[in-house]
Each structure stands twice: as C-alpha cells, then as structure tokens.
Amino acid sequence: MAQKPSIPKGTRDFSPAEVAKRNFIISTIKEQFELFGFQPIETPSFENSETLLGKYGDEGDRLIFKILNSGDFISKVDDVTYSSKKSSSIAPKITEKALRYDLTVPFARYVVMHQNEIDFPFKRYQIQPVWRADRPQKGRFREFYQCDADIVGANSLLQEVELVQLYDAVFTNLGLVGTVIKMNNRKVLSGLAEVIGAKHLLVDFTVALDKLDKIGEDKVKQEMLSKGISENAIAIAAPLFAMKGSATNQLKQLETLLQDSQVGMAGINELKEILITVGELGLKTATLQLDVTLARGLNYYTGAIFEVAAPSSIKMGSIGGGGRYDDLTGIFGLKDVSGVGISFGLDRIYLVLEELHLFPKTVDQSLQVLCLNFGEKEALAALKLISKLRGHGIKANLYPAAAKVQKQFKYADKRNVPFVVIIGAEELSRNEFILKDMVSGEQKSCSLDDEPSSFLNEFNGNA
RNA sequence: GUGGUUGUAGCUCAGUUGGUUAGAGCGCUUGAUUGUGGUUCAAGAGGUCGCCGGUUCGAACCCGGUCUUCCACCCCA
C-alpha cells in the first residue's frame, strides 16, 4: 500500500534553486570568515546528553531533541523510577544522547577536549545544522543552520570590534544594505539591576526590558511588577524607557544612572571603547547602535551582547546575534578562557534576501549553454564544442535525445538557459554552429574551429 | 509547553441550510508548427476533498480524535 510521504514538522526539503541560493549565502559568509582569519571545525550532530543539558536553562532543556538509547533500554530503568511515571526522571536514563541545540556549547566542549593541541587565541568558524523541538513559525524551524564565528583566549575588546566589522562585511557582500547591529553590555544590565536593588531579579528584569520595543513601556512595567520588582525600583530605571538619540548621549545618561555601580561603569567603558574604535574604522553598510534594552539569552554572556536586525522594512526576528562569555569552558573544567562570538541565522537571512529580491539573477543558473541534439553525427560535434566550453568554466550540456526541436527549446526556456547552440546537418556541413541568445532572440553563426574565446565575451555580458 | 488557525488537482484558490457525474485560473501533455522557446488558439490528462472514526438514507460540508500549516504567547536564529 502506497502511503502519502511526508516530512516531520518544522523540517524542509530544498530544491535545486533553493540550495543554490543557500550556497550563495554560505559561501559569502565562509569567504569573510576566512578573510578574518577564522578556521573551520565540525562537531558531531549529537552529543552526550550531559554535555548539553543544563546549559540553556529550563526552557532550553525542554527544546533539546533527545535520542532514545538503543537496545532494551526500558529494562535498565529501576522499578522505582519507572513506576514514578515522571518523564523528567526517566528521560535521562533512557536518552544518553541528544541532538546539538547550538554550536557554541559543542565548541566549548571541543576547546576543553583539545586544549593542548589548540594554539590560542583560537578563531574558529562552524557552519552546521542544529535542532530544536520548538513550535515552528515564520523563520523558526526545528532543523536549521547556524553559522558561528568565535574567538577564544583573547580578552581584548578589539575582538568585539572585529566581529562588528565581520557582520558589516558579510551583510555588505550579500547586498543587504541597512542592517542594524544592536549592541549592549551584560555588565550594564547587571549594574542596572544593582542600582535599582533587584540584583537577584537580574534575569526577570532584563527579559522584561528586552520587550520594550515590542510591547511598550506600560506592559514592561507591568511585567516587572509581576516579577516582584518594586515600583520604586522601576522609577529609578525609568530613564531607560525613554533612552533615545546618539550613543554618546545615551552613555551620558547611563553614567549618571550607574555612577555608584562598579560593574555598570565597567560595562559603559567597554561600550565606549568599542563604539569609538568602530567609529574610527567605519562601517560599509551596517550601523552600530547602542540599545540598553537588548538582553538576549543571558545564560552565558558576560560582556558585550550583539543582535542584528534586518532592514526596518522587513518584519523578521533577529538575523544574527552574539556576545562575550568569560567562562563558557568553565563548565567543562577549563577556567579563565574568555570567548566572544557571533552567529548568522542562515534561514532568516535567506527569507530576507528573498523578500527584498537581493539574490543575484545568475545564482540559480544551473546551465549556461544547451546544445540541441539533431542526431548522432551532429551530437558528436556538439560534444566536442561542449568540452571546449566546459574547459573555459562554462556550464554546458547536450540535450540527451534528438527530440523535437520545439521540445528542446522549451526545455532550455524552462531551465532559464541563456544560450542555445544549434548544430544541425546544415551547420555541420559548413563546419559551423549557431549561437542563439535566448533573452534577445538574436542568433549568429560561428565556426566550430574557432577558439571559444572569440565568442566568450557573449557570456560575460549575459550569462 | 499554552491559546488560536489551516488543509479540496502539480500551484493559488472557489464550492449552495448536508443531496446525483467536485469546479476555475495558472501549470502539465498533445496538436496547429517534421529546424526555433517565451505570445496565441484547440483538445486532453490529472482529485479515495490531510488521515482515522462517528452522526445520517446520504458527508468536501456536521461531531470527535490525530497529523500538518500559519499566528500570538513562552523562548529564540
């Protein structure tokens, strides 16, 4: 019985055109990663559960895909645990492995395991899929690619500056103009929690603050109150809600607010230094913006925090993010190794480029020349020409059968082939071929003996 | 994980208070056109109406379940 095939929720098939576009993004990112001196690594699709669990908070743990043990795993669970019927107690005993949830934690594991072979500072990049058991939405999938670049073993703020430049370089090369790199500093957020007397509520405070531009001032205050932050504390933090304008202006306000917080002032100084240096160097198409309401996942970030927003005309979640984490490898037993990194959301960048029609026209051009097939002798001559063309890096093919000319032309049209070569009996007798431009409809005769260089310029303009 | 939403031809969608052979546009195949595609004209193929069950003389339509889609939360790329 034939059943209708399907794929799991939140996963996708990619057609040739889609793969071509994705590869365009990936190769652009890769090229810049390498220009900035990052080296590629890869890690397994799945890790030991204990490597991943507890690293992303309770919410994160819930979203980790767990892999059922092989063999008779049920019999290995003790009776007490089994009869408790509590998934949370049973799951760890029957799922010893789990799919990777992001690339940062596996990277931390990698650094710790290979610390003796690595030359620090280590700049690595990694482009691989990750899996999350989330509910899919626009731009949210259960399987998606992350493109990460991280630097470990370097404390200098120049790393942050370089990463901002890297964002700018990638998005510029993708043709995506007008991205906004939002920057904040975890120390500033800590300082704020400190001066409003809600140090123990740091996470609740920042999560609420992060929603400011989405739900508005009133609702943010409401959420803060419901989390146990006093009215008085919110009043002290009030300037944050109205913080606008230039970075220097905002920093001045922050300084007044945080003057009694050592950690807060440290954060401000870091922000200043990064802003000033980036200002000196300049950015091509992106803008670096200070955003004190930016929070992101606070689980491991300790310094700078970045998030990239698509141009304002597009409604889309962040297309990249990152930050400084001083002690990521600490959880795996390696102390005092500072890391800082950024991530590109391939799938969302794809949606943005698609929506703005920014993919180059030739990006999914899988064939540049199609030679029509008129029979054995003619096909042989065509194959000789095709070899020459391929030698010059031109994607060329022979139509595999001597089908109706009309059908062959239709095929060329469907596949968006810009040029068709016609070698029929007549052309062959004159040792010639006809080159037809499918866009303009023009065609001209060329000699089969000519070096392709004589008509190659045709392709440069149109193919 | 919570609340809602969607599913009919390859695609985008119509479809009467439940009633006989379920429609359109686009696409596809063939022909007009035995050496010229995109435009045009004609003909044709293609659907157990997401799946399972229930109500009914009768279900694309009503009810329950399930899967899927999209959306708002949660969280996040």
Side-chain angles (χ1 to χ4, degrees), chain A residues 1-12 15 25 29 56-64 87-88 101-104 127-148 203-204 206-208 210-211 214-215 219 223 294-299 306-310 315-322 341-352 370-375 378 399 402-428 433-443:
Chain A
M1 273 274 253
Q3 59 172 37
K4 265 190 185 169
S6 63
I7 55 173
K9 183 195 292 207
T11 64
R12 296 150 298 159
S15 67
I25 299 173
I29 292 174
Y56 310 101
D58 291 342
E59 276 298 324
D61 281 1
R62 202 193 80 214
L63 299 177
I64 291 173
S87 307
S88 56
Y101 176 87
D102 73 355
L103 300 178
T104 308
I127 300 176
Q128 289 189 279
V130 302
W131 295 269
R132 296 186 187 177
D134 208 353
R135 283 244 181 127
Q137 275 182 40
K138 185 182 183 185
R140 301 179 70 159
F141 307 97
R142 292 187 141 184
E143 178 185 60
F144 62 97
Y145 270 74
Q146 283 194 333
C147 314
D148 279 24
V203 172
D204 288 328
T206 51
V207 166
D210 191 46
K211 295 176 185 166
K214 202 171 178 184
I215 62 176
K219 286 195 173 168
E223 185 171 328
L294 176 64
R296 285 187 62 75
L298 282 162
N299 294 300
F306 298 106
E307 187 165 301
V308 184
K315 201 187 160 210
M316 177 68 70
S318 64
I319 55 176
I342 55 172
S343 180
F344 291 80
L346 168 64
D347 298 276
R348 288 190 178 172
I349 292 171
Y350 181 101
L351 292 170
V352 170
L370 179 75
C371 292
L372 301 196
N373 191 326
F374 288 88
E378 295 89 339
Y399 193 88
K404 274 187 173 177
V405 175
Q406 188 175 215
K407 192 174 177 178
Q408 299 193 43
F409 262 104
K410 255 188 181 156
Y411 178 80
D413 197 45
K414 287 281 163 55
R415 285 209 41 190
N416 260 317
V417 183
F419 290 97
V420 163
V421 161
I422 300 164
I423 308 176
E426 209 177 303
E427 286 77 20
L428 194 55
F433 68 93
I434 291 172
L435 181 67
K436 172 160 176 164
D437 182 329
M438 290 295 278
V439 180
S440 68
E442 285 169 29
Q443 52 188 53

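Quick caveat: nothing in here was measured; it's all calculated off a predicted structure. Below, read A as the first sequence line, B as the second, and so on, with proteins coming before strands; counting in each chain starts at 1.
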Legend entry - Backbone N/O of A:Y145 and side chain of A:D347: donor-acceptor pair under 3.5 Å: yes

Legend entry - Phosphate OP1/OP2 of B:A72 contacted by A:K214 side-chain N/O (<4.0 Å): no

Legend entry - Within-4.5 Å side-chain heavy-atom neighbours: A:V405 and A:F374: yes

Inset, instruction - Using the C1' atom on both, measure B:U2 against B:A59 and round to a whole Å. - result: 33 Å

Legend entry - Any donor-acceptor pair under 3.5 Å from A:R132 side chain to A:I64 backbone: no

Inset, instruction - Take atom P in B:U29 and the same atom in B:G46, then report the distance between them in whole Å. - result: 15 Å

Inset, instruction - Starting at atom CD1 of A:I215, determine the distance to atom C1' of B:C73, rounded to an integer number of angstrom. - result: 11 Å

Legend entry - A:N373 (side chain) donor-acceptor with A:G375 (main chain) under 3.5 angstrom: yes

Inset, instruction - Return the set of residues passing side-chain hydrogen bond (donor to acceptor under 3.5 Å, both in side chains) with A:E427 (not counting sequence neighbours), or none when no residue passes. - result: none

Legend entry - Atom-pair distance (CG on A:L294; P on B:A77), nearest Å: 11 Å

Inset, instruction - Please state whether the rings of A:Y56 and A:Y101 are parallel, tilted or perpendicular, taking 30° and 60° as the class boundaries. - result: tilted

Legend entry - Touch class at under 4.0 angstrom, heavy-atom based, for A:G375 against every strand present: nothing

Inset, instruction - Mind calculating the distance between CZ (A:F344) and P (B:A77) to the nearest angstrom? - result: 14 Å

Inset, instruction - Return the value, rounded to whole Å, for the distance between atom CG of A:D134 and atom P of B:U69. - result: 13 Å

Write down the protein N/O and nucleotide N/O pairs, taken from nucleotides 3-9 of chain B, whose separation is under 3.5 Å; answer none if there are no such pairs.
residue: B:G3; atom: O6; partner: A:R135; partner atom: NH1; Å: 3.2

Inset, instruction - Give a yes or no on whether the backbone of A:A133 and the side-chain of A:R62 come within a donor-acceptor separation of less than 3.5 Å. - result: no

Inset, instruction - Give a yes or no answer on whether the side chain of A:R142 reaches the backbone of A:P136 with a donor-acceptor pair at less than 3.5 Å. - result: no

Inset, instruction - Quickly work out the A:K219 NZ to B:C74 C1' distance and round it to whole Å. - result: 15 Å

Inset, instruction - May I have the distance from A:Y411 (atom OH) to B:U29 (atom C1'), rounded to whole angstrom? - result: 18 Å

Inset, instruction - Keeping the roles fixed (side chain from A:E143, backbone from A:R12), state whether a donor-acceptor pair exists under 3.5 Å. - result: no

Inset, instruction - Take atom P in B:G15 and the same atom in B:U34, then report the distance between them in whole Å. - result: 44 Å

Inset, instruction - Rounded to whole angstrom, note down the C1' distance from B:A22 over to B:U69. - result: 24 Å

Inset, instruction - Scan residues 402-415 of chain A for pairs that pass salt bridge (charged side-chain N to carboxylate O under 4.0 Å, His left out), counting only residues two or more places apart or in two chains. - result: none

Legend entry - Nearest-nucleotide 5' precedence on RNA chain B, A:Q137 against A:Y101: A:Q137

Inset, instruction - Consider the side chain of A:K9, meaning its heavy atoms from C-beta on, and name the nucleotide among B:U69, B:C74, B:A77 that approaches it most closely. - result: B:U69

Inset, instruction - Sequence neighbours left out, what passes ring-ring contact (aromatic ring centres under 6.0 Å, His included) with A:F409? Give chain and number order. - result: none

Inset, instruction - Starting at the 5' end of nucleotides 32-40 of chain B, put B wherever the base has a protein heavy atom under 4.0 Å, S where only the sugar-phosphate does, and a dash everywhere else. - result: -B-BBBB--

Legend entry - Spacing of A:K407 atom NZ relative to B:U29 atom P, expressed in whole Å: 7 Å

Legend entry - Whichever of A:T11 and A:D347 has its nearest RNA chain B nucleotide further upstream toward 5': A:T11

Inset, instruction - Drop me the distance from A:S318's OG to A:R348's CZ, to the nearest 0.5 angstrom. - result: 5.5 Å

Legend entry - Atom P, compared across B:C63 and B:C71: separation rounded to whole Å: 26 Å

Legend entry - Whole-Å distance separating the CZ atom of A:R140 from the P atom of B:C71: 10 Å

Inset, instruction - Specify the closest pair of heavy atoms between A:D210 and A:A295, including all atoms of both residues, with the distance to one decimal. - result: OD1-N, 3.1 Å

Inset, instruction - Quick one: label A:F141 by what it contacts on the DNA or RNA (base, sugar-phosphate, nothing), any heavy atom closer than 4.0 Å. - result: base

Inset, instruction - Using the C1' atom on both, measure B:U5 against B:A9 and round to a whole Å. - result: 24 Å

Legend entry - Bracket string, RNA chain B, 5' to 3' - pairs by Watson-Crick or G-U geometry under 3.5 Å, | interstrand: ((((..(..((((.....[...)))).(((((.......))))).....(((((..]....))))))..))))....

Inset, instruction - For B:U21 and B:U66, measure between their P atoms and round to the nearest Å. - result: 33 Å

Legend entry - C1'-based separation of B:G25 from B:A14 [nearest Å]: 11 Å

